[in-house]
Amino acid sequence: MTHSAIYLDHNASAPLLPEARAAMVAALDSSGNPSSVHRHGRALRNLIETARGQVAKLSGAERSQVVFTGSATEAITQAIVGGAKALGVAAIVVSTGEHLAVLKAAEATGLPVITVGLDQNGLIRADEIASAIAKADAAGQRLLVCVHLVNNETGVIQPVERIEVLVGPTPHYLFVDAVQGFGKLNLEFASRAPDMTAVSGHKIGGPAGIGALLVKGHADAARLIPGGGQEQGRRGGTESAAAIAGFGAAAEAFASRFHEANVSALIRVAEDGMRAAAPDLVVFGEKADRVGNVSNFAVPGLKNSVAVMGLDLLGLSVSLGSACSSGKVGPSHVLAAMGVKPELAECAMRLSLGWSSTTDDVEAFLRGFGEVVGRHRSRHGRAA
Ligand code: PLP
């Protein structure tokens, strides 16, 4: 990110919070291995345990339930691949709107994968989960149900409480990918129903390359990397004390910083302004409850690759939808699952704000958006 560029892509990765940076620098300056018993090792161990408490607090989990992993993708894989094996499930249930990390992990189990759809507002069809559970109950089988809390592309908040009730009283297991809701929504539920919950450092102003799996009860047996028995045998590999300390400091600072930025109001201003410039604007998931920081929108006929490039040239960084597939440009599987036609999905862009966003950022975005839409109209001779 250059100094003049405006960053509007927090769902891809939030800028590092100063609190996280300070904690990381302090940890990087300390030598040692956190498993060593001498004072250097113990100092790093203390940093890790402080961070464990900070992540537990933000998620509503117990400290002992927090297992640090190398990313949320790793936590998800531990939950699904490791969980399926340890918990003896017969099949995995996923929604079509899951992040690729979930879809690929489900595939990697080698077990049957039962896919449930999204409705046109982007909500997981909980009734389809109910039918999958009813069938499994009749067959005496146990399922691992994997859903996300907030969609990374649309910001739609999923009916996780309803899904918890469906899975809860039965012998099935629930995994929640809470990456995009962590710190933004109340995660109290993490202490209640899900057996496993994944969260990520870099979506809350911590560093990338650190995540956590929150585990409860029998799910504590889910394993992916045995290694040297770190994380109480739940995830091998010498811990990155700096990444963990940064994650912990971000977990402590993020929620108040995020709420102070008043991103819901900024997103409303952005959507109203875009509609004034392009009355045919489509906002995906608009009718559902959305976490306030995201807008996934399209101007019919204006290809997202053209618009995102045009905005980039004006110093405005927005995304084509999901940034998680290493720069891959392709139709969004989330929008396809919502029944969005491919020609409209090719026009979808994502604006995602966060702790560092300001009114000036949104005003600059709206000026850039107006310019890009105006250029498109004059080229194609279309009104609106
Ligand atoms: N799940 C969701 C919903 C995400 O948005 C992302 C990242 O974009 C991930 C999982 C993966 O997180 P990480 O980058 O920490 O592996």
Side-chain angles (χ1 to χ4, degrees), residues 7-16 20 55 58-59 66-81 94-108 118 122-124 146-158 160 163 175-185 187 190 194 196-214 224-225 235 237 240 243-244 246-248 250-251 254 258 285 290-291 293-294 296 317-328 330 332-335 337 350-354:
Y7 190 71
L8 304 160
D9 198 12
H10 282 244
N11 273 25
S13 201
L16 194 66
V55 170
L58 187 63
S59 61
V66 177
V67 180
F68 286 116
T69 58
S71 60
T73 299
E74 185 191 311
I76 289 166
T77 310
Q78 178 158 342
I80 301 178
V81 176
V94 293
S95 88
T96 42
E98 298 309 309
H99 191 272
L100 279 181
V102 171
L103 298 174
K104 296 286 179 190
E107 243 175 72
L118 298 186
L123 287 163
I124 295 173
C146 306
V147 293
H148 58 292
L149 178 62
V150 169
N151 190 273
N152 57 309
E153 296 189 25
T154 60
V156 167
I157 302 171
Q158 298 300 342
V160 169
I163 296 167
F175 162 71
V176 176
D177 169 359
V179 166
Q180 296 287 356
F182 189 43
K184 299 173 189 162
L185 295 179
L187 270 203
M196 296 176 280
T197 305
V199 294
S200 177
H202 69 118
K203 308 293 179 173
I204 62 160
I210 185 71
L213 182 63
L214 317 174
L224 190 65
I225 304 175
R235 196 274 187 180
S240 167
I244 293 174
F247 186 16
F254 179 75
F258 182 80
R290 287 178 294 157
V291 72
N293 74 311
V294 192
N296 192 324
S317 298
V318 303
S319 119
L320 289 166
S322 161
C324 292
S325 339
S326 48
K328 193 182 85 182
S332 151
H333 71 280
V334 173
L335 296 183
R350 182 183 68 186
L351 170 72
S352 58
L353 306 180

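Just so you know, residue 1 is the first one in the sequence shown, and it goes up from there. Whatever order the structure lists them in is the order used to number ligands and atoms, beginning at 1.
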Novice: Not counting sequence neighbours, which residues clear side chain to side chain donor-acceptor pair (under 3.5 Å) with Thr69? List them please.
Specialist: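 Thr69 satisfies side chain to side chain donor-acceptor pair (under 3.5 Å) with no residue once adjacent residues are dropped.
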Novice: Without hydrogens or angle criteria, can the side chains of Gln180 and His148 be said to hold a donor-acceptor pair below 3.5 Å?
Specialist: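 The answer is no; no qualifying pair exists.
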Novice: Using a 4.0 Å heavy-atom cut-off, which part of Lys203 comes near ligand 1: side chain, backbone, both, or neither?
Specialist: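 Side chain only; the backbone of Lys203 stays clear of ligand 1.
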Novice: Does any N/O atom on Ala72 come nearer than 3.5 Å to any N/O atom on ligand 1?
Specialist: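 Between Ala72 and ligand 1, an N or O pair is found under 3.5 Å apart.
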Novice: If you count the atoms of ligand 1 from 1 in the order shown, which ones are under 4.0 Å from a heavy atom of Thr73?
Specialist: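 The list of qualifying atoms is 11 (C), 13 (P), 16 (O).
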Novice: Treating Lys203 as the side-chain partner and Ala14 as the backbone partner, does any N or O pair qualify as donor plus acceptor under 3.5 Å?
Specialist: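 Between the backbone of Ala14 and the side chain of Lys203 there is no qualifying donor-acceptor contact (under 3.5 Å).
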Novice: Counting both backbone and side chain atoms, is some N or O of Asp177 under 3.5 Å from an N or O of ligand 1?
Specialist: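 Checking ligand 1 against Asp177, an N or O pair does fall under 3.5 Å apart.
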Novice: How does Ile76 reach ligand 1, if at all, at less than 4.0 Å between non-hydrogen atoms: by side chain, backbone, both, or neither?
Specialist: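 The answer is the side chain of Ile76.
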Novice: So do Arg350 and Asn152 actually touch side chain to side chain, heavy atoms under 4.5 Å?
Specialist: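 Sidechains of Arg350 and Asn152: in contact.
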Novice: Which atoms of ligand 1 have any heavy atom of Ser200 under 4.0 Å away?
Specialist: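 Taking each heavy atom of Ser200 in turn, ligand 1 has 13 (P), 15 (O) under 4.0 Å.
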Novice: Under 4.5 Å between any side-chain heavy atoms of Phe175 and Ile76, yes or no?
Specialist: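 Phe175 vs Ile76: side chains touch.
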Novice: What atoms of ligand 1 come closer than 4.0 angstrom to any heavy atom of His202?
Specialist: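 Contacts of ligand 1 toward His202, numbered from 1: 13 (P), 14 (O), 15 (O).
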Novice: Please name all residues satisfying salt bridge (charged side-chain N to carboxylate O under 4.0 Å, His left out) with Glu98, sequence neighbours left out, ordered by chain then number.
Specialist: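 Glu98: no salt bridge (charged side-chain N to carboxylate O under 4.0 Å, His left out) contacts found.
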Novice: Which of the numbered atoms in ligand 1 are below 4.0 angstrom from a heavy atom of Gln180?
Specialist: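 Taking each heavy atom of Gln180 in turn, ligand 1 has 3 (C), 4 (C), 5 (O) under 4.0 Å.
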